[in-house]
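Numbering of ligands and ligand atoms starts at 1, following listing order. Quick note: numbers below take in every heavy atom, side chains included, and nothing from hydrogens, waters or symmetry partners.
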Amino acid sequence: MLEGSAVPKVRVRAVNDGSIREDGAYVLYWMVANRRYDYNYSLERAVEWAKELGKPLLILEALRVGYRWASDRLHAFVIQGMRDNAARLESRAVTYYPYLERSEGEGKGLLAALAEKACVVVTDDFPAFFLPRMISSAGKRLAVRLEAIDGNGLLPMRATDKVYARAHDFRRHLQRTMPDAIYEYPKQDPLRALELPTLAVPKTILERWPAASTEELEDPPLASLPIDHDVGVVDLEGGGVAGRARARDFLDERLAGYAEGRNHPDEDAASGLSPYLHFGHVSAHAVVRELANRESWEPDVLEPSSAGKREGWWKMSTPAEAFLDELITWREVGFNMCALRPDDYDAYESLPDWVQKNFDAHAGDPREHVYTLEQFERAKTHDEIWNAAQRELVTTGRMHNYLRMLWGKKILEWTCSPRDALDVMIELNNKYALDGRNPNSYSGIFWCLGRYDRAWGPERPIFGKVRFMSSDSTRRKLRLSPYLEKYGESAQLSLS
Ligand SMILES: Cc1cc2nc3c(=O)[nH]c(=O)nc-3n(C[C@H](O)[C@H](O)[C@H](O)COP(=O)(O)OP(=O)(O)OC[C@H]3O[C@@H](n4cnc5c(N)ncnc54)[C@H](O)[C@@H]3O)c2cc1C
């Protein structure tokens with residue numbers, strides 16, 4: 001069974017117990033989360049199978065319409081990625097089949113029809129939103145083997161069975177295991193010098209599920225799709241080409257100011273990579289390698305440690321270490337939670353006991369301001385900074401990291417209960433943010449409610465011992481005047 005695979009076993013999950021069909025016509029890679037052709041373990045695994053079996057490799061990248069929060073904004077970003085994939089894969093020894101669903105349910109049956117002739121189906125293991133359900137139900141329906149490959153982060157999600165309750169504990173785990181894990185790296189170009197038999201997508205399939213044309217990928221027919229047109233397309237271009245350019249620009253021009261500037265909304269100090277990481281257009285492995293090259297860094301300097309220190313362990317420059325702490329520790333602790341608690345990572349009950357008891361004790365506290373979802377959505381609170389952050393989210397699909405924390409804390413303060421706050425945060429974050437619907441959406445939102453944090457004093461109304469944040473101190477501490485001007489009252493909210 002694929003002896004000598006370069007994809008670490010711990011990243012390979014058999015979704016069903018279907019068998020390998022050696023007389024199948026091709027190997028099928030069903031690309032659902034790692035929407036890229038470089039540093040992609042799933043693609044690498046599919047290539048290994050195709051080579052082993054001497055079969056063509058067919059890559060299906062599909063985009064459904066019938067999922068919650070589907071909108072022009074999200075579709076445009078994903079389709080820009082499909083356009084890049086189509087352009088790159090055209091000259092490779094694989095068949096790329098981009099499919100855009102036009103009406104709800106139209107794509108039903110496509111995977112099963114392709115799988116009927118497949119030797120094996122490989123897909124991406126992504127632990128949040130509708131993807132785990134979709135993959136598990138595909139596993140039940142397919143007779144052929146379905147493998148889900150974890151290409152999400154530097155540490156495999158299933159290398160531990162412990163759910164980490166604090167970033168500090170996860171950092172310690174990381175510092176113990178990374179010195180080995182860092183040597184396991186996906187290939188930069190798994191298709192390089194690849195020779196495989198080729199094939200055309202079967203005609204009967206294309207008649208029923210036509211492939212998206214180059215024109216459609218360039219200029220997608222968004223208006224004709226049954227998706228939310230009020231959440232409009234934003235300036236940020238999706239896809240691996242734009243994502244890699246952004247990573248290079250950040251590492252070359254802005255990394256030096258990252259540690260100091262990241263908290264200030266007026267500085268463009270952060271990488272802006274989260275939408276590309278979310279849709280798999282850019283791989284975290286690729287970013288770490290680029291960073292390591294610029295730092296002239298070699299992995300053999302790493303030594304296992306249980307100290308969990310935030311600085312100094314990587315033996316890189318201060319800004320590089322600050323960046324890695326976000327890109328690896330904070331990003332991957334979210335994947336740890338979603339992968340190991342698939343049934344409740346997004347439920348209020350997943351909050352630590354002390355937090356739930358704390359909120360129970362403050363359930364009856366008077367609330368000076370209470371807003372409805374609609375008031376929040378339209379940035380109609382009394383607070384200038386909060387409204388500006390919300391307008392940034394609605395108009396650009398992004399929100400500055402520091403303000404995102406304040407945004408969530410204030411929703412907790414201005415709703416009737418922490419459960420209501422959770423619902424409002426999930427709805428607005430996942431609807432408008434390009435990087436929403438990600439394990440880190442839930443880490444960030446639940447962080448505002450106390451996950452990954454400790455108890456803080458003094459005990460306050462509504463928050464109890466959960467960390468409090470205030471707009472006044474934000475205004476005092478941060479450089480944000482141009483930000484407030486840009487996203488002030490006059491910023492157009494494109495809400496109908
Ligand atoms: C209420 C709230 C909601 C959030 N929702 C999301 C979300 O939907 N999607 C999302 O990816 N992140 C979310 N975050 C985390 C964080 O705000 C973003 O990851 C970060 O702002 C993205 O900007 P960047 O790519 O420029 O980050 P950078 O500072 O350049 O960091 C590099 C990468 O590290 C990861 N990262 C950075 N900060 C965090 C963090 N605090 N937690 C987890 N990972 C982090 C991201 O993958 C990010 O792209 C949320 C935080 C809060 C408080």
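The distance between the ring centers of Tyr258 and Phe250 falls below 6.0 angstrom. Residues Phe77 and His281 place their aromatic rings such that the two centres sit under 6.0 Å apart. Taking the six-membered ring for Trp and the full ring otherwise, Trp69 and Phe130 have centroids separated by 6.0 Å or more.
Taking atom 24 (P) of ligand 1 as the reference point, the nearest protein heavy-atom neighbour is Gly272 N, 3.6 Å. Nearest protein neighbour of atom 28 (P) of ligand 1, counting heavy atoms only, is Tyr258 OH, 3.5 Å. For atom 1 (C) of ligand 1, the closest heavy atom belonging to the protein is Arg404 O, 3.5 Å. The nearest heavy-atom contact from the protein to atom 43 (C) of ligand 1 is Asn440 OD1, 3.2 Å. Looking at atom 35 (C) of ligand 1, its nearest protein heavy atom turns out to be Glu326 O, 3.4 Å. Of all protein heavy atoms, the one lying nearest to atom 30 (O) of ligand 1 is Ser271 OG, 2.5 Å. For atom 42 (N) of ligand 1, the closest heavy atom belonging to the protein is Trp330 CB, 3.8 Å. If you check which protein heavy atom lies closest to atom 22 (C) of ligand 1, you get Ser274 OG, 3.3 Å.
Proximity annotation for atom 21 (O) of ligand 1: of Asn401, Leu428, Asn430, Val333, Asn401 comes nearest, heavy atoms only. For atom 10 (C) of ligand 1, the candidate residues are Leu434, Ile411, Asp435; the nearest heavy-atom contact is made by Asp435.
A cation-pi arrangement, defined by a distance under 6.0 Å to the six-membered ring centre and an angle within 45 degrees of its axis, is absent between Arg11 and Tyr41. For the pair Lys409 and Trp414, the cation-pi criterion (under 6.0 Å, within 45° of the ring axis) is not fulfilled. Both tests do not hold together for Arg45 against Tyr29: distance to the six-membered ring centre under 6.0 Å, angle to the ring axis within 45°.
Judged by distance alone, the side chain of Glu332 and the main-chain N or O of Leu155 form a donor-acceptor pair under 3.5 Å. His229 contributes no side-chain N or O that, together with a main-chain N or O of Ser71, makes up a donor-acceptor pair within less than 3.5 Å. Judged by distance alone, the side chain of Asp435 and the main-chain N or O of Ser274 form no donor-acceptor pair under 3.5 Å.
Applying the 4.0 Å criterion to heavy atoms of Cys448 picks out, from ligand 1, the atoms 1 (C). Taking every heavy atom of Met405 and a limit of under 4.0 angstrom, the matching atoms of ligand 1 come to 53 (C). Within the listing of ligand 1, atoms 8 (O) sit less than 4.0 angstrom from a heavy atom of Gly436. With ligand atoms numbered from 1 in the order given, ligand 1 contributes 25 (O), 49 (O) to contacts under 4.0 Å with heavy atoms of Leu273. The Ser441 neighbourhood of ligand 1 comprises atoms 5 (N), 6 (C), 7 (C), 8 (O), 9 (N), with distances under 4.0 Å to a heavy atom of that residue.
Any N or O atom pair closer than 3.5 Å counts here, and Asn429 shares at least one such pair with ligand 1. At under 3.5 Å, not a single nitrogen or oxygen of Ser443, backbone or side chain, sits near a nitrogen or oxygen of ligand 1. Checked by distance only, ligand 1 and Leu277 stay at 3.5 Å or farther apart across all their nitrogen or oxygen atoms.
Judged by the shortest distance from any of its heavy atoms, His278 lies outside the 4.0 Å radius around the atoms of ligand 1. A heavy-atom separation below 4.0 Å is not found between Ala433 and ligand 1. Remark: distances from the non-hydrogen atoms of Arg262 to ligand 1 include one below 4.0 Å.
With sequence neighbours excluded, no residue satisfies side-chain hydrogen bond (donor to acceptor under 3.5 Å, both in side chains) with Glu44.
Donor-acceptor pairing under 3.5 Å is recorded for the side chains of Arg404 and Asn429.
Side-chain atoms of Met425 and Leu449, non-hydrogen and from C-beta on, do get closer than 4.5 Å to each other.
The stretch residues 343-368 participates, sequence neighbours left out, in these ring pair (Phe, Tyr, Trp, His ring centres under 6.0 Å) pairs: Tyr345-Tyr442.
At a heavy-atom cutoff of 4.0 Å, ligand 1 is contacted by the side chain of Phe323 but not by its backbone.
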